[in-house]
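Let me begin by presenting the structure, written as structure tokens, before commenting on it.
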Amino acid sequence: MRGLRVVALAALTAVSVAAAAPVPPDEVVKTTTERLQKEIGAREKEFKADPTKLYAFVDEVVVPKFDTKYIAQLILARHWKQASDDQRKRFQAAFKDMLVHSYANALVEYHTQVTAEWQPLRMAPDATDVTVNSRLLREGKPPLPIGFAMRLKDGEWKVYDIVIENLSLVTSFRGQINSEIKRTSLDALIQRLESGQKLEPETQKKG
């Protein structure tokens, strides 16, 4: 009887550990992308007629998969340490909204013209930081390599950077934002973002 209890306990422990295992990083990105494409395809007219519904949907589906606080910290760099808690929260929220709006608009505009092709994931069993690689297949254009840099946080894989053709989105925005802060101030930058104005990463501005 004691042996049966031990076996049962071991089985329950194994089940609980398996249930607690995080969703693999490539699956996080794949399933999120598939859900976006499916929903936008079905609700394209609705989203184009009312962008606020589109932004709310993308915010609900995409944002939880991103480590927005860490992204804000990486982009502000040394300015993060100098910023107050209120400035950090406001920048994080405003920058997130800017990205969501830009990303959502691009999704609706081009969702029928691109297809994601996922590369096999190479990850050590104890890895806490990986890159999920893919290629964006576009009609009449060469494939566009895109990497999603992800880290394990609180038992979940979160995206903290996107690398397009070897260009880091975080690094590119960091240069633009640092220039803005030097020219004006962190508060002025935050107010600009909160007003709905957009920033472009330096590499994009250069073409």
Side-chain angles (χ1 to χ4, degrees), residues 22-76 88-119 121 129-138 144-165 167-174 176-177 190 193-194 196-201 204:
V23 177
D26 55 338
E27 287 300 319
V28 172
V29 181
K30 287 179 187 178
T31 54
T32 302
T33 301
E34 289 170 0
R35 181 181 175 189
L36 284 170
Q37 289 180 326
K38 182 178 180 181
E39 194 76 10
I40 287 175
R43 301 172 62 185
E44 182 177 0
K45 290 183 179 179
E46 176 189 353
F47 285 152
K48 284 185 175 180
D50 188 353
T52 58
K53 290 184 179 180
L54 170 65
Y55 301 153
F57 170 69
V58 173
D59 194 289
E60 174 192 347
V61 175
V62 175
V63 172
K65 311 303 180 185
F66 280 72
D67 191 344
T68 54
K69 181 179 179 180
Y70 189 52
I71 292 171
Q73 184 176 346
L74 290 174
I75 289 175
L76 283 182
R88 291 175 179 178
K89 291 176 182 177
R90 288 174 59 206
F91 174 80
Q92 179 181 333
F95 187 79
K96 181 267 294 182
D97 286 343
M98 183 198 72
L99 284 185
V100 165
H101 292 181
S102 299
Y103 182 53
N105 291 336
L107 280 173
V108 170
E109 187 70 23
Y110 301 108
H111 76 96
T112 60
Q113 302 175 30
V114 297
T115 305
E117 179 182 86
W118 303 98
Q119 308 299 308
L121 179 66
D129 195 311
V130 300
T131 298
V132 177
N133 290 306
S134 67
R135 298 196 311 164
L136 204 62
L137 307 181
R138 305 169 294 170
L144 187 68
I146 300 179
F148 296 87
M150 305 180 71
R151 69 174 190 153
L152 191 60
K153 180 185 178 184
D154 300 328
E156 291 184 87
W157 285 99
K158 304 270 188 176
V159 176
Y160 68 85
D161 195 8
I162 300 176
V163 181
I164 303 174
E165 290 189 318
L167 297 174
S168 160
L169 194 68
V170 164
T171 302
S172 300
F173 268 116
R174 183 189 295 148
Q176 166 73 350
I177 283 174
I190 293 171
L193 291 173
E194 288 175 335
Q197 294 185 51
K198 295 181 181 179
L199 298 176
E200 293 180 352
Q204 184 175 332

Taking atom [atom1] of [X] and atom [atom2] of [Y], what is their separation to the nearest 0.5 Å?
| X | Y | atom1 | atom2 | value |
| --- | --- | --- | --- | --- |
| Leu76 | Gln92 | CG | CD | 10.0 Å |
| Lys65 | Thr31 | NZ | OG1 | 6.0 Å |
| Leu144 | Arg135 | CG | CZ | 10.5 Å |
| Glu34 | Leu36 | CD | CG | 10.5 Å |
| Leu136 | Ile146 | CG | CD1 | 4.5 Å |
| Leu99 | Leu199 | CG | CG | 9.5 Å |

Non-hydrogen side-chain atoms of [X] and [Y] separated by less than 4.5 Å:
| X | Y | result |
| --- | --- | --- |
| Leu74 | Asp161 | no |
| Val108 | Leu54 | yes |
| Val61 | Glu39 | no |
| Val29 | Trp157 | no |
| Asp26 | Trp118 | no |
| Val62 | Val100 | no |
| Tyr55 | Asn105 | yes |
| Thr32 | Phe148 | no |

Of the non-hydrogen atoms in [X] and [Y], which two are nearest, and what is the gap between them?
| X | Y | answer |
| --- | --- | --- |
| Arg174 | Ile75 | CG-O, 3.1 Å |
| Leu193 | Ala94 | CB-CB, 3.6 Å |
| Pro22 | Gly155 | CB-O, 3.2 Å |
| Met98 | Lys198 | SD-CA, 3.8 Å |
| Leu121 | Pro25 | CD2-CG, 3.8 Å |
| Gly147 | Thr131 | CA-CG2, 4.0 Å |

With Asp67, the salt bridge (Lys or Arg N to Asp or Glu O under 4.0 Å) member among Lys153, Lys96, Lys158: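 Per the salt bridge (Lys or Arg N to Asp or Glu O under 4.0 Å) rule, the option paired with Asp67 is Lys153, out of Lys153, Lys96, Lys158.
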Lys/Arg-Asp/Glu bridge criterion (N-O < 4.0 Å) met for Lys48, Glu44: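 Judged by the 4.0 Å cut-off on N to carboxylate O distance, Lys48 and Glu44 do form a salt bridge.
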Okay, side chain of Asn133, backbone of Gln119: is any donor-acceptor separation there less than 3.5 Å?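 No: the side chain of Asn133 does not pair with the backbone of Gln119.
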Please evaluate residues Ile162 and Phe66 with respect to the criterion side-chain contact (heavy atoms from CB on, under 4.5 Å), reporting the C-alpha separation (whole Å), side-chain torsions for both, the decisive distance (0.1 Å), and the verdict. CA-CA 10 Å; Ile162 300 176; Phe66 280 72; 4.1 Å; yes
Do the rings of Phe95 and Phe173 sit parallel, tilted or perpendicular, given the 30° and 60° boundaries?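 Perpendicular: the ring planes of Phe95 and Phe173 meet at over 60°.
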Relative to the ring of Phe47, is the ring of Phe57 parallel (under 30°), tilted (30 to 60°) or perpendicular (over 60°)?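 The arrangement is parallel - the two ring planes meet at less than 30°.
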Give a yes or no on this: more than 12 heavy atoms of other residues, nucleotides or ligands lie within 6.0 Å of atom NZ of Lys69.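 Atom NZ in Lys69 is not packed in, count stays at 12 or less.
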Passing option when Val28 is tested against Val132, Val159, Val23 for side-chain contact (heavy atoms from CB on, under 4.5 Å):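 Of Val132, Val159, Val23, side-chain contact (heavy atoms from CB on, under 4.5 Å) with Val28 is met by Val23 alone.
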